[in-house]
Amino acid sequence: MSLEREERIHLAVGLPLKWVQAQREDFKRYMLRNSSVEVGYKDRLYCIEFAGCTVMPQCYSAVTENLKDFAGVTLLADIGNGTMNLMYLNNGRPMESKAWTEKLGVFQCFQKIHNMVQDKTGDNLMDDVIDNILRSGKIELPDPHASLVEKAICDYVEEIFQKLRDHEYNEKLMKVYFMGGGARLVENFGEYNPENTVFNNDIRANAKGYEYYCYMLLRH
């Protein structure tokens, strides 16, 4: 395999909200630990040189391009695999003292489903079966397994809303904007005020936000 192309790129990456300040420089050094890498793809070899790295906050980056649309007080809730990032916006401006990272990601829902089905039936659901349910929101299982899976997901979603309430969320007085892999679970299994609840089910929302945010920083 011969070298066919050389590229120079700037990395746009993110960390959970509460980790950015403390870990930004260490994470940047980690991402730039190699000045370049060689990558083989479809019988072609690419040499990629890293020109730099910008570390941005998850959750906030995903909505940076549309901040003008966030009037009043809005709670951003980015539900990833391992964590849920929360941040309040006031007319599109981040309220830095009101941002939290909670260990309440989709993986915790996965564990709830697995444990509930095993405890109640003695059966082990394959990981791929649970993954398909979490990705699609559809439970294609016979009872009692289907009912148990639905209860586990509903319990998990209720935990999410309880955590929001712990951080001063009031569905009557403010909007909540869900994003990340867990947004679809909340949309399909949660009880919420549809007038004040927005869902962004694009699992690439943060990555797109990093690209936009980084481009604007470099441009200026």
In short, salt bridge (charged side-chain N to carboxylate O under 4.0 Å, His left out) pairs touching residues 128-140 with sequence neighbours left out are none

Partners meeting salt bridge (charged side-chain N to carboxylate O under 4.0 Å, His left out) with [X] (sequence neighbours left out):
X	value
Arg24	none
Lys120	none
Asp155	Lys151
Glu49	Arg8

- Task: Please step through side-chain contact (heavy atoms from CB on, under 4.5 Å) for the pair Val149 and Leu125, ending with a clear verdict.
- Result: CA-CA 10 Å; Val149 169; Leu125 286 182; 3.9 Å; yes

Write down the atom of [X], the atom of [Y], and the distance for their closest heavy-atom approach.
X	Y	result
Pro144	Thr121	CG-CG2, 4.2 Å
Met116	Ala152	SD-N, 3.8 Å
Phe70	Asn66	CD1-O, 3.2 Å
Ala12	Tyr210	CB-O, 3.7 Å

Trace of the side-chain contact (heavy atoms from CB on, under 4.5 Å) decision for Leu67 with Leu89:
CA-CA 9 Å; Leu67 288 177; Leu89 300 180; 4.1 Å; yes

Side-chain atoms of residues 101-111: list all donor-acceptor pairs with protein atoms under 3.5 Å, sequence neighbours left out, distances to 0.1 Å.
unit_1, atom_1, unit_2, atom_2, d
Thr101, OG1, Lys18, N, 3.4
Thr101, OG1, Asn85, OD1, 2.8
Glu102, OE2, His167, NE2, 2.7
Gln108, OE1, Gly105, N, 2.7

Ala146 meets the side chain to side chain contact (heavy atoms under 4.5 Å, CB included) criterion, sequence neighbours left out, with Ile139, Leu141, Asp143

Across all chains, not counting sequence neighbours, the side chain to side chain contact (heavy atoms under 4.5 Å, CB included) partners of Tyr212 are Thr64, Glu65, Met216

In terms of hydrophobic clusters joined by side-chain contacts under 4.5 Å, are [X] and [Y] together?
X	Y	result
Val73	Leu164	yes
Leu218	Tyr213	no
Val63	Ile79	no
Ile48	Val13	yes

Do the side chains of [Y] and [X] get nearer than 4.5 Å, heavy atoms only?
X	Y	result
Asn196	Glu171	no
Phe50	Ile9	yes
Val186	Phe161	yes

For residues 115-138, the ring-ring contact (aromatic ring centres under 6.0 Å, His included) pairs (sequence neighbours left out) are none

Less than 3.5 Å apart, which donor and acceptor atoms pair up between the side chains of residues 172-180 and the rest of the protein, not counting sequence neighbours?
unit_1, atom_1, unit_2, atom_2, d
Tyr177, OH, Asn200, ND2, 3.2

In short, side-chain hydrogen bond (donor to acceptor under 3.5 Å, both in side chains) pairs touching residues 185-195 with sequence neighbours left out are Glu187-Asn201

Hey, could you give me the [atom1]/[atom2] distance between [X] and [Y], rounded to the nearest 0.5 Å?
X	Y	atom1	atom2	value
Cys53	His10	SG	NE2	6.0 Å
Ile160	Leu86	CD1	CG	9.5 Å
Phe189	Tyr156	CZ	OH	12.5 Å
Met87	Trp100	CE	CH2	9.5 Å
Ile153	Leu185	CD1	CG	6.0 Å
Arg184	Phe199	CZ	CZ	10.5 Å

Under a 3.5 Å distance rule, please check whether Asn91 uses its side chain to pair with a backbone N or O of Gly72 as donor and acceptor.
yes

Q.
Tell me if the CD atom of Glu159 is crowded by more than 12 foreign heavy atoms within 6.0 Å.
A. yes

For residues 27-37, which side-chain donor-acceptor pairs fall under 3.5 Å, sequence neighbours excluded?
unit_1, atom_1, unit_2, atom_2, d
Arg29, NH2, Asp26, OD1, 2.3
Arg33, NH1, Tyr30, O, 2.7

